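Please read all numbers here as calculations on a predicted model, not as lab measurements. Basis for what follows: all heavy atoms, side chains included, without hydrogens, waters or symmetry-related copies.
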Amino acid sequence: LTVSKPLLNAPYAAVVVNVSHTFCLSLPGAQGQFPIVQNMTVTEGGIANLTCRVEHNDNTSLQWSNPAQQTLFFGDKKALRDNRIELVRATSQELTISISEVTLADEGMYTCSLFTMPVKTAKAFLTVLGVPKKPEINGLTKPLLEGDQITLTCVTSGSKPAADVRWFKNEKEVKGAKEVNASGKTFTVKSSLQLLVNRHDDGVAYTCRVDHVSLTATHEETTQVLEVHYAPYVEIKHSIPAPLEGQYLKLECVPHGNPSPDPVLWTKDGGELPDLDRVIVEGRELTFMSLNKTDNGTYRCEATNHLGTSQAEYKLVVKDAPTTSSPSTASPAPTLPDNTGPLDSKDLNSAVTGNRDPNALPGPPDHALIGGIVAVVVFATLCLIIVLGRYLARHKGTYLTNEAKGADDAPDADTAIINADGNHAHAEEKKEYFI
């Protein structure tokens with residue numbers, strides 16, 4: 001300090017420059033004589049806190065000014081009449097102010113000044129995010145007709161930077177055509193979606209969702225549900241697949257259409273339903289309390305709305321109910337094996353139950369039984385041969401005897417028989433012919 005004293009007669013500016021230069025080189029805390037600030041980003045409508053700090057300040061004043069270089073606060077003294085700007089903290093080392101209800105016009109470079117010689121400044125840029133407005137869906141008319149071609153357009157404005165717009169069909173994302181237009185500091189974003197409407201689009205929800213950096217906790221979205229009118233189509237549901245005689249059967253006519261085709265008309269074979277006491281019609285249901293073969297036929301359900309008529313058919317064929325024969329009251333008694341030896345437990349069980357032991361080995365063949373059968377066959381054959389031989393021998397002897405009598409003097413066999421012993425009548429009785 002004594003060294004710099006002769007310099008007091010020198011020009012003031014030179015002294016400041018030399019002293020500052022000397023502090024920067026000699027004092028470790030000299031960098032604390034510079035103001036320290038940070039850039040800020042705030043959402044439109046929020047609060048921006050601007051802080052300026054200085055380390056090792058020697059009671060030098062701090063000042064905040066806006067992008068238009070208007071002083072906001074000089075120390076703890078407010079300089080600009082703006083109710084949105086308030087003092088938060090003012091010390092020799094810090095000056096913090098707040099700006100509430102921030103608008104896009106507040107965006108810009110803010111300056112913190114430290115009134116040393118020369119004045120040291122630091123600049124902080126305040127970025128204001130423009131919040132996108134709730135999206136709107138245009139181009140939808142209700143109701144739509146099947147086959148119509150429409151273009152849905154989603155529009156959102158006021159975003160900064162430009163928002164991201166997405167389409168969802170029942171929570172499943174679909175791609176649209178995006179268009180971005182600048183309007184001052186904000187952007188208008190538009191997304192279009194072309195649709196060819198069919199009956200499956202009836203009741204489908206299309207959602208336009210807007211995502212933006214300013215929407216940290218949620219997102220903006222709008223949903224529209226399509227209403228599509230279309231001609232009906234009909235199907236018939238039956239309670240049992242193969243109807244049998246005596247069973248209960250319910251046929252349900254299920255029409256699909258918008259507007260709903262109600263009521264429906266039931267017919268049988270192109271005419272009215274017969275026997276309405278046994279066949280019950282309740283709304284869309286046709287009920288048979290007890291089927292019989294007179295119910296056979298083609299049943300038709302017809303539904304109509306202002307866009308058309310549809311019908312479905314069900315061919316009923318009633319089959320005979322299965323007949324079950326009553327089981328026999330008495331079962332044949334099992335035959336016990338004819339063995340002279342004692343039966344063990346396994347043999348007795350197989351004899352009573354009729355079940356054989358699968359692990360038991362087959363027994364030896366019964367030779368006595370086979371011999372007896374062979375003997376009977378041989379004996380029957382011998383008896384047949386003997387009877388046949390005696391029969392043939394008897395007939396041959398009788399013929400030769402009658403023929404031989406008187407054969408010596410007779411010219412032929414007939415004369416020999418006639419000339420045989422005995423009268424003529426007896427001879428006629430003894431005459432035999434062989435055919």
Side-chain angles (χ1 to χ4, degrees), residues 41-48 100-107 127-234 254-262 303-308 310:
T41 299
V42 63
T43 302
E44 184 180 12
I47 299 176
S100 60
E101 299 179 4
V102 175
T103 65
L104 294 176
D106 295 323
E107 184 177 76
T127 301
V128 180
L129 301 177
V131 181
K133 295 181 180 179
K134 186 178 180 65
E136 297 180 358
I137 296 178
N138 303 318
L140 179 61
T141 58
K142 294 184 179 182
L144 298 169
L145 297 181
E146 187 175 24
D148 286 350
Q149 186 170 357
I150 62 172
T151 300
L152 299 181
T153 303
C154 177
V155 180
T156 180
S157 59
S159 60
K160 177 183 174 294
D164 184 24
V165 177
R166 296 188 294 167
W167 283 102
F168 291 85
K169 177 183 178 181
N170 286 344
E171 300 302 326
K172 182 179 180 181
E173 187 171 359
V174 292
K175 188 176 182 180
K178 184 178 178 181
E179 180 182 343
V180 179
N181 296 313
S183 176
K185 290 185 177 182
T186 63
F187 296 88
T188 299
V189 183
K190 179 172 65 174
S191 181
S192 300
L193 191 64
Q194 291 187 348
L195 302 175
L196 180 61
V197 179
N198 59 49
R199 63 184 59 193
H200 302 293
D201 291 321
D202 184 42
V204 173
Y206 280 88
T207 300
C208 175
R209 181 177 299 173
V210 175
D211 295 320
H212 193 258
V213 64
S214 64
L215 305 173
T216 56
T218 183
H219 46 251
E220 293 284 356
E221 65 179 26
T222 300
T223 301
Q224 290 284 355
V225 179
L226 303 189
E227 180 184 353
V228 182
H229 284 189
Y230 56 93
Y233 67 96
V234 180
V254 183
H256 304 273
N258 192 13
S260 178
D262 200 31
T304 303
N305 66 11
H306 71 278
L307 296 175
S310 178

With a sphere of 6.0 Å drawn around NZ of Lys142, does it hold more than 12 non-hydrogen atoms of other residues, nucleotides or ligands? yes

Interatomic spacing from SG in Cys208 to CZ in Arg166 - rounded to 0.5 Å: 10.5 Å

In Å and rounded to the nearest 0.5 Å, what is the CG to CG distance from Leu144 to Leu195? 9.0 Å

Pairwise distance CD(Gln224) to CG(Leu152) - rounded to 0.5 angstrom: 8.5 Å

Work out which heavy atom in Leu196 is nearest to a heavy atom in Asp201; give both atom names and the distance. O-OD2, 3.7 Å

Under a 4.5 Å cut-off applied to non-hydrogen side-chain atoms, are Val189 and Lys178 in contact? yes

Show the nearest heavy-atom pair for residues Thr153 and Trp167, with the distance to one decimal. C-CZ2, 4.1 Å

Any side-chain heavy atom of Pro135 within less than 4.5 Å of one from Arg209? no

State, with a plain yes or no, whether a side-chain heavy atom of Val128 is found less than 4.5 Å away from one of Val42. yes

Any side-chain heavy atom of Glu227 within less than 4.5 Å of one from Asn258? yes

Hey, is the main chain of Leu104 close enough, under 3.5 Å, to the side chain of Lys185 for a donor-acceptor pair? yes

CG on Leu129 to CD on Glu107, rounded to 0.5 Å: 8.5 Å

Looking at Asn305 and Ser260, would you say the former's side chain and the latter's main chain have a donor-acceptor pair under 3.5 Å? no

As an exercise, state the distance from CZ of Arg199 to CG of Leu145, rounded to the nearest 0.5 Å. 12.0 Å

Contact summary for Val204 and His200, nearest pair of heavy atoms: CG2-O, 3.4 Å

Output the distance between atom CG (Leu193) and atom CD1 (Ile137), rounded to the nearest 0.5 Å. 9.5 Å

Can you name the closest pair of heavy atoms from Pro132 and Ser159 and give their distance? CB-CB, 3.7 Å

Do Lys190 and Asn181 come within less than 4.5 Å of each other through their side chains, counting heavy atoms only? no

So, for Val131 and Glu44, which heavy atoms are closest and what is the spacing to 0.1 Å? N-OE1, 3.7 Å

In this structure, are over 12 heavy atoms from other groups packed under 6.0 Å from Lys133 atom NZ? no

Test Asp211 against every option in Glu220, His219, Glu221 by the side chain to side chain contact (heavy atoms under 4.5 Å, CB included) rule and name the one that passes. His219

Please tell me if the side chains of Pro261 and Thr304 come closer than 4.5 Å, counting only heavy atoms from C-beta onward. no

Exercise: identify the closest heavy-atom pair between Val165 and Cys154: CG1-SG, 3.9 Å

Geometric class of the His229/His306 ring pair [parallel <30°, tilted 30-60°, perpendicular >60°]: perpendicular

Is Glu173 atom CD crowded by more than 12 heavy atoms from other residues, nucleotides or ligands, each under 6.0 Å away? yes

So do Val174 and Lys172 actually touch side chain to side chain, heavy atoms under 4.5 Å? no

